[in-house]
Amino acid sequence: MNFFSKKNKKKAKRRGGVRPPYIGLFCLGLFFTAVIFANVIAPYDPNEGDLFSTTIPPVWEKDGSLAHILGTDMLGRDVLSRIIHGSRMSLLISVGCILFYGSLGVVLGLISGFRGGRTDMVIMRLADLWLSLPGVIVLFMLAAVHGPSAKTIIITFGIMGWPGYARIVRGECLSLKQRDFVRLARVAGCSKLRIMFSHILPNIINTIIIMATIEIGGIIVMTASMSFLGLGTQPPSCDWGLMLAEGRQYITYAWWLVTFPGLAIVITVLGFNLTGDWLREVMDPKQKLR
Amino acid sequence: MQGYIVKRILIAAFTVFTVLTVVFFVFRLGPADPVMVMLPPNATPQDAENLTKKFGLDKPLMVQYGNYLKNAFRGDFGSSFRFDEPALRVLLMRFPATLKLGLVTFILSVTVGLSIGLISAVKPDSIIDRIGRLFALAGMSLPSFWVGIMLILFFGVTLRWLPIAGRGTPLHYIMPAFCMSLYPIALITRLSRSSMLDALKSDYVVMARIKGVPEFYVILVHAFKNASIPVITVIFGIFGALMVGSAVVVEYIFSWPGIGRLVMESFFARDYPVVQVFVIVVTCMVVTLNLIVDIIYAYIDPRIRYQ
């Protein structure tokens, strides 16, 4: 990896320097602060309502109070605290999804690329078939049968997301397979599993991490929209999508209920997208991601 | 060529068959007993038994599966519990609304996306390029359901310029179509920009310029024609699957009377035959779309046929 090769520098100059995406990193900083210190910085218990102080507007509005900076919802729960705690849910779900389908995709891609032949054909055909299925539909089926929950979302995206990873890992694996160190490992008598996981996998881990960073933003949006539709997390958990769904009923007189959770999603996703794009630019993996 | 088409059709047919099978087993083998779901809470065991008989659920699983395939082949997917009509007909009645919205979205995203991508690539780092890149980033990062709510809040509730729900006048299309096309525009802009940048650097463009072809033709005829091929595949290839996802969300927010809203209503009303038929019909649509794209693509690009 030649970060500072002449070519990259030139390219970087045209793009305004290899400077890190400060905005993106700042957004991510906010997000992870919320995730890690949720219990410390959130002013209230996110699920504790106070029926004497319902739908208080944010502090800068006429009836706003300093006690609830971003206002309260229809049950008197503090919006800011719910947003801060909601970050945990969205990280949990999105990382769960990525880990699930990422590992599935990596394993299938490795097998497909390494074994080749009929195995390869079957896995790749399956991947094509999978890609033609819209994920929402599978979610509908699973949610209809098993009931909507965060688990259902993770399982659905886990089952649906693997082909992208499998294709890229397979491509990398095909070219790595021909390299001398893999041949050498074969001559030395390494088992196939060992070659796959301790010789080939470490060489594609960079690509996988970049892909995950780029995808996590999209996953957060998708899982939030599923929760918004009522197909994911159920009340009373704090989830940004769910907060939007609840606030939507009060849109005519409590605009803050639908504005701030959405802004939280935007900030988080922007953070992941900008950082992911930068990582890709810096590390410059050869293939174009889907 | 014919061999290729036949192969593609067989694969498509196999995909549809697989989906039919998966749908059958997911709904039958799930923990929820369909009869219990259908019946009102005060039903007697006798009612349950009658219903089980009526739907043939007392027969062995493989027999049920055979009947199901036979009926599916004839276009019979059971009746909707809510409307007491064939589920397929219920779905098809709501279909035109979705199709119209989808068409408007499609035209909007392709024209806007392609033109921004084209101009950005021809004049990199110009104002349009910067705005285009910003817009692409926004389109990738803004959740469409939130944008929809914000639009309703701003143009519907505060300014009262646009209708917030339903359909009828052209005004009704503005917000849902904008909302739905946000992500595709971003995607198409990015793709067409990068693909156009590659094309502009290629030898045939240099050659055309050396020959003295006017710049206008170089860009539109030589570069753009070649650059559009990968973009078109992606547009058609993913558009189907993409649209379904955002159609469900957007129709739900704007109360658009299409199939996305129908499936949400049916889901919450536990009207599973409609959900089931939605899954099947949408998959068939996406598969058919992909098949057509594959065949057209093979016509345009001979390299594919001989792979």
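Quick note on labels: first sequence line is chain A, next is B, and so on, each numbered from 1. All values derive from a computational prediction rather than experimental measurement.
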Cation-pi check, Arg125(A) to Phe14(B): give yes when NZ or CZ is under 6.0 Å from the six-membered ring centre and within 45° of the ring axis, no otherwise.
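No, Arg125(A) does not sit over the ring of Phe14(B).
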Comparing Val248(B), Ile253(B), Val19(B) against chain A, the one with the most heavy-atom pairs below 4.5 Å turns out to be Ile253(B)
I need the residue from Val263(B), Val249(B), Thr18(B), Val275(B) with the largest number of non-hydrogen atom pairs under 4.5 Å to chain A.
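So the answer, after comparing Val263(B), Val249(B), Thr18(B), Val275(B), is Val263(B).
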Sort [X] into side chain, backbone, both or neither according to what part of it lies under 4.5 angstrom from a heavy atom of chain A.
X	value
Leu191(B)	neither
Val22(B)	side chain
Met150(B)	side chain
Phe145(B)	side chain

Just so I understand: if I count every heavy-atom pair under 4.5 Å between each of Gly217(A), Ala143(A), Gly241(A), Pro148(A) and chain B, which residue has the most?
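Answer, by heavy-atom pair count under 4.5 Å with chain B: Ala143(A).
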Using a cut-off of under 4.5 Å on heavy-atom pairs, state which of Ile265(A), Thr252(A), Thr268(A), Leu263(A) scores highest against chain B.
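The candidate making the most pairs under 4.5 Å is Leu263(A).
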Interatomic distance, [X] atom [atom1] to [Y] atom [atom2] [nearest 0.5 angstrom]:
X	Y	atom1	atom2	answer
Phe228(A)	Trp146(B)	CZ	CH2	12.5 Å
Leu244(A)	Ile149(B)	CG	CD1	5.0 Å
Ile220(A)	Ser141(B)	CD1	OG	10.5 Å

I'd like to know whether [atom1] of [X] has more than 12 heavy-atom contacts from other residues, nucleotides or ligands below 6.0 angstrom.
X	atom1	value
Leu99(B)	CG	yes
Ile127(B)	CD1	no
Phe268(B)	CZ	yes
Phe26(A)	CZ	no

Salt bridge or not between Arg190(B) and Asp277(A)? Use side-chain N to carboxylate O under 4.0 Å.
yes
May I ask you to test the Trp255(A)-Thr158(B) pair for a side-chain heavy-atom distance under 4.5 Å?
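No, every pair of side-chain atoms sits at 4.5 Å or beyond.
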Which residue is it: Asn273(A), Leu270(A), Val269(A), Val221(A)? I am looking for the one with a side chain to side chain contact (heavy atoms under 4.5 Å, CB included) to Met140(B).
Asn273(A)
